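All of these numbers come straight from a predicted model, not from anything done at the bench. Side chains included, hydrogens not; waters and symmetry mates left out as well; all remaining heavy atoms used.
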Amino acid sequence: MKKIVILISGRGSNLQAILSAQLPCSIAAVISNRADAEGLAIAQQHGIATRVVPHRDYADRASFDAALAQVIDSYQPDLLVLAGFMRILTAEFVNHYTGKLINIHPSLLPAYTGMNTHERALHDGVKIHGCTVHFVTPDLDHGPIIIQAAVPVLSHDNAQTLAERVLREEHRIYAQAIRWLCTDQVTLNAQGKVISNRPEHADTALVAPHME
Ligand code: GRF
């Protein structure tokens, strides 16, 4: 069974969804850069080891990432899952975990990289928004895409209602992506392309607003 380590910074709703999905992998540890991350309690309730590596204890990004990697590597994970981990990682760290490091981002990448994705989607008036699970590369929010979910943007939406609709899909697709990776149904090849054995369907579409 593959071993995973999950990194969080906050409330941990994606962590909760991953735990609820009862995936065919063992979760070796949940690690946070913040001692007050609510998600740590979720992990503890499930009997999962938790560790805190406070970024403020380190002079710079490189020394924080080195300390973080040392803690992660003590668990020898097959997969490293960023679930609301709010630190930018150095290229050195990212390259150390090539093909093993995944992230969830609250937009349909490559649109809306970075922060405030829901506000920016509303500002632009897009009718479809969503979320993406991708392998992490040194190019922030640009790694090879594993799975995406799209949701309609409604006329009365604000950033919070839109975030909630996207978050429901985050919880579904992150657990799904981890299941595929843990069962070798999806991998990253040496050329940096996602290889998948998943069936595809040409005749599905989300149209928003709804057509008659
Ligand atoms: C999610 O929206 C995720 O996409 C983003 O940060 C949020 C984390 O939420 N990177 P949670 O801590 O999993 O509840």
Side-chain angles (χ1 to χ4, degrees), residues 6-18 30-43 52-56 58 60-62 64-65 68 80-94 97 101-178 194 205-210:
I6 302 177
L7 303 191
I8 62 165
S9 296
R11 77 191 150 180
S13 73
N14 277 287
L15 167 67
Q16 177 67 70
I18 293 164
V30 171
I31 304 173
S32 176
N33 62 310
R34 301 178 58 109
D36 61 356
E38 299 97 309
L40 290 171
I42 297 174
V52 177
V53 184
H55 61 274
R56 291 191 198 287
Y58 297 87
D60 52 30
R61 234 178 248 293
F64 168 68
D65 281 9
L68 182 62
L80 184 55
V81 173
L82 305 181
F85 186 69
M86 304 307 281
R87 300 293 303 170
I88 293 174
L89 296 161
T90 55
E92 199 182 354
F93 180 99
V94 169
Y97 298 104
L101 177 58
I102 60 172
N103 182 45
I104 187 146
H105 183 77
S107 77
L108 289 172
L109 291 174
Y112 307 119
T113 60
M115 303 291 285
N116 304 319
T117 57
H118 310 304
E119 288 82 348
R120 288 153 60 207
L122 287 169
H123 177 264
D124 288 347
V126 297
K127 299 298 181 201
I128 294 175
H129 186 45
C131 49
T132 303
V133 178
H134 64 98
F135 285 104
V136 177
T137 63
D139 196 3
L140 185 70
D141 296 332
H142 274 93
I145 292 171
I146 298 168
I147 183 171
Q148 296 184 297
V151 300
V153 180
L154 307 184
S155 54
H156 61 261
D157 267 334
N158 55 42
Q160 192 189 330
T161 58
L162 183 54
E164 284 165 6
R165 193 172 309 118
V166 171
L167 192 64
R168 277 197 293 277
E169 298 308 313
E170 290 186 37
H171 295 163
R172 296 175 62 219
I173 69 170
Y174 217 1
Q176 179 66 84
I178 295 167
V194 175
L206 170 64
V207 178
H210 190 66

Just wondering, do T117 and V166 contact through their side chains at under 4.5 Å, heavy atoms? no
From CD1 (I18) to CD1 (I6), nearest 0.5 Å: 4.5 Å
Is the gap between the ring centers of H118 and H129 under 6.0 Å? yes
Between CD1 on residue I8 and CD on residue E38, distance to nearest 0.5 Å: 8.5 Å
Say you draw a straight line from CD1 of I31 to CZ of F85; how long is it, rounded to the nearest 0.5 Å? 8.5 Å
Is a donor on one side and an acceptor on the other found under 3.5 Å between the side chain of R87 and the backbone of R61? no
So which heavy atom on A177 is nearest to which on V133, and how close? CB-CG1, 3.7 Å
Do you know the tightest heavy-atom contact between P144 and T137? CD-CG2, 3.6 Å
Specify the closest pair of heavy atoms between A17 and A175, including all atoms of both residues, with the distance to one decimal. O-CB, 4.4 Å
Measuring only between side-chain heavy atoms, which start at C-beta, is V153 closer than 4.5 Å to L162? yes
When rounded to the nearest 0.5 angstrom, what distance separates CD in Q176 from CD in E169? 12.0 Å
Closest heavy-atom pair and its distance - H105, G114: CE1-O, 3.1 Å
Hey, could you give me the CG/OG1 distance between L122 and T161, rounded to the nearest 0.5 Å? 7.0 Å
Are any of the side-chain heavy atoms of L108 and V126 separated by less than 4.5 Å? no
Quick check: do H55 and M86 have side-chain heavy atoms less than 4.5 Å from each other? no
Apply the test side chain to side chain contact (heavy atoms under 4.5 Å, CB included) to residues Y97 and V136: give CA-CA distance (whole Å), side-chain angles for both, the deciding distance (0.1 Å), then the verdict. CA-CA 9 Å; Y97 298 104; V136 177; over 6 Å; no
Could you go step by step and tell me if I173 and I104 meet the side chain to side chain contact (heavy atoms under 4.5 Å, CB included) rule? CA-CA 9 Å; I173 69 170; I104 187 146; 4.1 Å; yes
Passing option when Y112 is tested against D124, T132, D141 for side-chain hydrogen bond (donor to acceptor under 3.5 Å, both in side chains): D124
E92, CD: over 12 other non-hydrogen atoms inside 6.0 angstrom: no
Chi angles and distances behind the side chain to side chain contact (heavy atoms under 4.5 Å, CB included) call for N14, V81: CA-CA 10 Å; N14 277 287; V81 173; over 6 Å; no
Under 3.5 Å side-chain donor-acceptor pair for T113 and H142: no
Given R168 and V151, is the side chain to side chain contact (heavy atoms under 4.5 Å, CB included) satisfied, shown in steps? CA-CA 10 Å; R168 277 197 293 277; V151 300; over 6 Å; no
CD1 on I88 to CZ on F93, rounded to 0.5 Å: 13.5 Å
In the structure I gave you, are the side-chain heavy atoms of L206 and P152 within less than 4.5 Å of one another anywhere? yes
Looking at D65 and T90, would you say the former's side chain and the latter's main chain have a donor-acceptor pair under 3.5 Å? yes
How close do A208 and I128 get, heavy atom to heavy atom, and via which atoms? CB-CG1, 4.1 Å
Looking at residues at least two apart in the chain, or sitting in another chain, which of them share a side chain to side chain contact (heavy atoms under 4.5 Å, CB included) with A91? N95, P138
